[in-house]
Structure formats: C-alpha cells, structure tokens
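To keep things clear, I will list the structure first and then write my remarks on it.
In what follows, chains carry the letters A, B, and so on, assigned in the order in which the sequence lines appear, proteins first and then strands, with residues in each chain numbered from 1.
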There are 2 protein chains.
Amino acid sequence: MQISSRFTIAIHIFSCINTFRDEYKITSNFLAMSIQVNPVIIRKLLGQLKDAGLIEIKRGSGGASLAKKTREITLLDIFNAVESLDDGRLFHFHENPNPDCPIGKSIHPVLDSRLEQIQRAMEKEMQSITLEDIFKDIAKYTKKTLPLNQV
Amino acid sequence: MQISSRFTIAIHIFSCINTFRDEYKITSNFLAMSIQVNPVIIRKLLGQLKDAGLIEIKRGSGGASLAKKTREITLLDIFNAVESLDDGRLFHFHENPNPDCPIGKSIHPVLDSRLEQIQRAMEKEMQSITLEDIFKDIAKYTKKTLPLNQV
DNA sequence: GTTTATTGTAACATTTATTGTTACAACAGA
DNA sequence: TCTGTTGTAACAATAAATGTTACAATAAAC
C-alpha cells in the first residue's frame, strides 16, 4: 500500500507558509483552499507538525508559522511527524510465524535487520532533502503572484 | 501506513521452498503451517510470485519451486511482485491541489521528482539484497531439523 | 475410470486506516 | 462582547488488508 497523502499535504503546508507568510495569515481555511481538502484534516496535520516542533500555531487569533529555518527541516522530519508507523517500522511483519518450524523461528530475527537496512536507505535520502531545497525547486516554477483568496 | 505483510510473507515462502524442497512438496497448506496464515492467502501470493516469473507451481499434483537461482532473485523483485503500488508510486499524492494557487499549481511537478528520488533509494537497497543473502543469514540461525508437519 | 490432493478463484466477512464532515467549546484579539 | 480561529469529539464513508468457506478444474495415483 502507498504511504498516505499526509506526507505530501504536509510539504504543501510548509510551502504555503513559506510563500505567503508575509502577506497572509496562514489559517487552516487558507491552506484548505490551496490543498483542497477539509480544514479539519489540515488542523490535525498542523497539530502533528506542531507536536514535532516544526511549526508554531496561534490559538484564537490563528495562523501557522515555521519554528525552524528552512535549512533545518528535512523531509524525514516531516515524514516522522505525520506518518505514524507502528513501532517506527516501515514494514509490517506477519505476526505469528510458527516457532516449531526452523524457518518460522528464524525469519523474524533474520529479516528484521534487512528491513531496517532498507528503511534506513529511504530515511537517509529523506534526510538529505531540506525544505530549502524544495522551496528552490518551487521558485523555478512560480513567481509570487496574486494569492487565491481575498477573504 | 506500513507496507503490507505480503512482502515478509513472500520472503518466508521462498525460505521454506529453499529449505524444504528436497524433502517435502511445498503446498499452500505446508506453507500455511509455517507462516500461520490461511492457505488461501498463501495461494494468492503464490499466484503473484508465479505471474512475476519467480516461482513455478504445479496444478493438481501441487507444489511450488523456484524459477530462478537464488542469486538472481532480489528483494525488489519480490516487493514489486506482491506489493501493488498505484501507478508504481510509493507515495500517495493528494489528488486536487488548487491550480489557481501558485503553490497548488507547482507542488505536484516539483515534488514528484523528489519522491521518485526517495523511492529509488529504497528500491536500490532492495535490489542489492538477494535471496542468497537471506538464506545465508538463515543458515546462521538454523540447521535443517525435523519438519513441522507429518501429513 | 475413480479417487485423492491440490490449485485457482469466487464470494463474502472482518478489521483497520484513511479521509471527509458537522458541530462546538476554548481561545485571543479587536 | 463580538469575531475568527484552533482543538477536538463524534461520526460517516471509503478503501485496503486480511481471513474464511466453498467449490470447480486439474493432475497424479490407484
């Protein structure tokens, strides 16, 4: 199965904060218009990003902002913040291999280190990409034009 | 979300075939006893592995066997055989970013290449590990002892 | 030819995660 | 006090993973 869209939505959120922070208050409604999902979905994600120390949110008055420099936030930070992997493991292992079978007994300890090896390769690549990199890429595609909502 | 257990179950299947092929007919029931899942689950997986050209299955008389050398089957081959990723993509992208927003318009083309970059890092690591490697690891944990079923 | 074990597959149930939605109390600033 | 916003509960809808029973098709053994 695919990794959930929370990851790409979270990156979208950061991109909006970075692009519009000087001109607009970044509320869940503002983000919902750009991402085109329900504002409550956004708020839950914002909560996860806040809990991970990546953004700050103002209650009441509203608005999200970056808690770190764009160079200091990696895609791995974002992935870990929004993707709740069971026990931190990317791969789901079948639960009950038969301990009375020589393979059933050994498959788990043997495979675990290999699965970790694969997961680490993915995480290392995620860690090598920062929001700064993403924002540079975006700058090639867009100039700051008129925002979409005038509310 | 985690990657489904079909992946680890498939590796378990290969391990059983390799270990018991000279002594036992590797049926879905035999495998189900070692893996401890329903035989129909096993049969569906065996079908996927057969379609990918990794194993051979005998109808009627029954039994699965390797279609290639253990050096020639990588974890990536197995992953691709049993994990049906939508459009081959590991990451699910939110469907409808707003094209009227500068970020909404650019997020998809910009992120796509980065997501591919991450996926490729994972696939490269999977490709570097063959069944031969796994079977060597297993050999350190187990000697061929009495099989579990006498049926 | 009959019997037997097995595969392939349909049909369905169960569980879990994702995603979407409405509603509203808590909050902070005007 | 009014207003807009966040945080969160409660629930619905969808989709995927996993489990189960049943049975026709198959191939070998007798």
Any chance the side chains of A/S34 and A/H12 put a donor and an acceptor closer than 3.5 Å? yes

I want to check something: taking the side chain as every heavy atom from C-beta on, are A/R89 and A/D112 in contact at a cut-off of under 4.5 Å? yes

Determine the contact category for A/I57: base if any of its heavy atoms lies under 4.0 Å from a base atom, sugar-phosphate if only primed atoms, P, OP1 or OP2 are that close, otherwise nothing. sugar-phosphate

OP1 or OP2 of D/dT18 under 4.0 Å from side-chain N/O of B/S4: yes

Touch check for B/G47, heavy atoms < 4.0 angstrom, all strands: base, sugar-phosphate only, or nothing? nothing

Is it true that A/S28 and A/R43 share a donor-acceptor pair across their side chains at a distance under 3.5 Å? yes

Spacing of B/D86 atom CG relative to D/dA16 atom P, expressed in whole Å: 8 Å

Would you mind telling me which residue lines up with the more 5' stretch of DNA chain C, A/S61 or A/N38, judged by nearest nucleotide? A/N38

Are side-chain heavy atoms of A/L45 and A/I13 found at a separation under 4.5 Å? yes

For D/dT18, take OP1 and OP2 only and decide whether either is under 4.0 Å from a side-chain N or O of B/S5. yes

Would you say the side chain of A/R59 and the base of D/dT6 hold a donor-acceptor pair, judged only by whether the two atoms sit under 3.5 Å apart? yes

Length of the NZ-C1' vector between A/K25 and D/dT5, whole Å: 7 Å

Over how many whole Å does the gap from B/L45 atom CG to D/dA16 atom P extend? 17 Å

Separation of D/dT5 atom P from A/Y24 atom OH, nearest Å, is 14 Å

Counting side-chain heavy atoms from CB outward, which of D/dG19, D/dT5, D/dG7 is closest to A/T27? D/dT5

Quick check for you: to the nearest 0.5 Å, what is the distance between B/I26 atom CD1 and B/I17 atom CD1? 6.5 Å

How close or far is atom P of D/dT6 from atom CD1 of A/I13, stated in whole angstroms? 11 Å

Determine whether the aromatic ring centres of A/F30 and A/F20 lie less than 6.0 Å apart. yes

Identify all pairs in which a protein N or O lies below 3.5 Å from an N or O of nucleotides 11-13 of chain D, and state each distance.
none

Partners meeting side chain to side chain contact (heavy atoms under 4.5 Å, CB included) with A/S4 (sequence neighbours left out): A/R6, A/E83

Spacing between A/H94 atom NE2 and D/dG19 atom C1', to the nearest angstrom: 16 Å

At a heavy-atom distance below 4.0 Å, which nucleotide of DNA chain C is the first touched by chain B, and which is the last? C/dA5 to C/dT19

To the nearest angstrom, how far is A/M1 atom CE from D/dT18 atom C1'? 13 Å

Base, sugar-phosphate, or nothing for B/V40, non-hydrogen atoms under 4.0 angstrom? base

Distance (rounded to the nearest 0.5 Å) between A/I138 CD1 and A/D133 CG: 11.5 Å

Quick one: on DNA chain C, does A/R43 or B/H92 contact a more 5' nucleotide (nearest heavy atom)? B/H92

Is any side-chain N or O of B/R6 closer than 4.0 Å to OP1 or OP2 of D/dA17? yes

Counting any heavy atom closer than 4.0 Å, what does B/G62 reach on the DNA or RNA strands: base, sugar-phosphate only, or nothing? sugar-phosphate

With a 4.5 Å cut-off on side-chain heavy atoms, are A/I11 and B/R114 touching? no

If we count only N and O atoms by modelled type, under 3.5 Å, do the side chains of B/S15 and B/N18 hold a donor and an acceptor together? no

Separation of B/F7 atom CZ from D/dA17 atom P, in whole Å? 15 Å

